[in-house]
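Have a look at the structure below, then the notes.
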Amino acid sequence: MILSRRRAFKTAAAAGLTLLSTFHSVQRTLGQGDLEPADLETFTVIGGGLDTRPPELKLPGDPENADVFIIARLHLPTGRMRAVNVPRDLYLEIPGFGYDKITRTYDFGSKAQDGAFKAGAETMKATVLANFGVQVDAVALATFDGFVDLVNTVNGVEVNNPYDLFDGEFPTPDHGIESIFFPAGPVYLDGIDALKFVRTRHQDGDAGRVMRQRLVLSAMLEKVTSDEYRSQLPDLAHRYRRVVRNDIGASRRLALALAADNFTEETVEFADLFGYVYSDFTAEGMWIYSGDWSQIPGFVQGFLAGASG
């Protein structure tokens with residue numbers, strides 16, 4: 001499913017806020033001695049959000065699942081960005097670990113190497129290559145606490161919630177559950193409430209959750225580009241650079257920063273795979289999304305390469 005260009009631009013640009021802390025700012029990056037920008041034309045990155053609990057609440061064996069999994073490709077000379085949101089419950093082969101949901105990729109790879117970020121990132125890249133036929137250049141993953149901090153930094157956001165939203169079994173960080181409710185209409189969200197709003201899916205599934213992620217990220221984009229916050233962006237990006245784990249590298253960050261002004265509303269598109277997946281169960285009874293693998297790789301490759309439709 002491909003979104004309209006106006007809506008897609010807001011979504012993709014807002015998703016870029018999650019990567020702000022990895023890119024820093026043009027001014028700060030230019031100040032790193034004789035650093036030269038990487039010679040980049042296209043750049044493919046996995047963007048994600050990790051379900052990471054604070055150390056004091058983490059139990060042995062707690063997973064770090066990727067609750068958000070986005071494959072994005074940027075063409076720096078023209079400012080074109082195309083991004084595909086992959087359902088976290090899509091069942092596929094994770095090279096070296098067998099078959100499971102794509103949300104498990106980072107955790108499998110990381111835990112196999114004593115929690116190393118690079119190992120988790122490489123497993124995510126290998127999974128995308130094996131299943132979608134897409135070579136990924138880098139991975140950037142935000143933690144839930146980092147998301148909360150970023151929303152609170154701009155004193156929360158206001159969204160227009162399309163319908164009453166209730167979840168009587170929302171998971172808490174201490175492995176319990178709680179009831180949450182957000183009424184239809186304008187809703188103010190601080191960092192904690194924003195995290196709950198974008199994570200809940202018991203009422204309306206993954207499609208509803210993706211919709212709410214877009215609402216919150218679009219509201220953040222609008223706020224940080226307002227006159228009140230625009231001048232603070234370089235400092236905010238630098239201050240929160242460590243809430244995102246990444247393997248982009250300084251020279252590639254510089255190349256991305258220098259190309260930022262090329263990206264406009266007319267050159268950005270966003271898509272998802274909900275038209276190619278369906279509810280299913282494994283032989284062991286685990287609920288999953290199965291996919292039409294005769295269509296998915298071609299769609300993803302074609303969309304990232306610039307095919308329309």
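None of these values were measured; they are calculated from a predicted model. Below, all heavy atoms of this structure are taken into account, side chains as well, without hydrogens, waters or symmetry copies.
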For residues [X] and [Y], is any side-chain donor paired with an opposing acceptor at under 3.5 Å?
X: Asp204; Y: Tyr163; result: yes
X: His75; Y: Glu41; result: yes
X: Arg88; Y: Asn65; result: no
X: Asp174; Y: Thr172; result: yes

Under the side-chain hydrogen bond (donor to acceptor under 3.5 Å, both in side chains) test, residues paired with Thr44 that sit two or more places apart: Arg73

Contacts of Asn155 that satisfy side-chain hydrogen bond (donor to acceptor under 3.5 Å, both in side chains) - sequence neighbours left out: Tyr229

With sequence neighbours excluded, residues passing ring-ring contact (aromatic ring centres under 6.0 Å, His included) with Phe182: Phe197

With Tyr289 via ring-ring contact (aromatic ring centres under 6.0 Å, His included) - residues at least two apart: Trp287

Test side chain to side chain contact (heavy atoms under 4.5 Å, CB included) applied to Ala130 - qualifying residues, sequence neighbours left out: Pro95

With sequence neighbours excluded, residues passing side chain to side chain contact (heavy atoms under 4.5 Å, CB included) with Asn131: Leu92, Glu93, Thr127, Trp293

Gap separating the CD atom of Gln301 from the CD1 atom of Ile71, nearest 0.5 angstrom: 10.0 Å

Remaining members of hydrophobic cluster (4.5 Å side-chain criterion), [X]:
X: Tyr99; value: Tyr91, Met286, Ile288
X: Phe181; value: Phe166
X: Tyr278; value: none

Test salt bridge (charged side-chain N to carboxylate O under 4.0 Å, His left out) applied to [X] - qualifying residues, sequence neighbours left out:
X: Glu178; value: Lys196
X: Arg199; value: Asp51, Asp67
X: Asp137; value: none

Greater than 12 external heavy atoms within 6.0 Å of Asn160's CG: yes

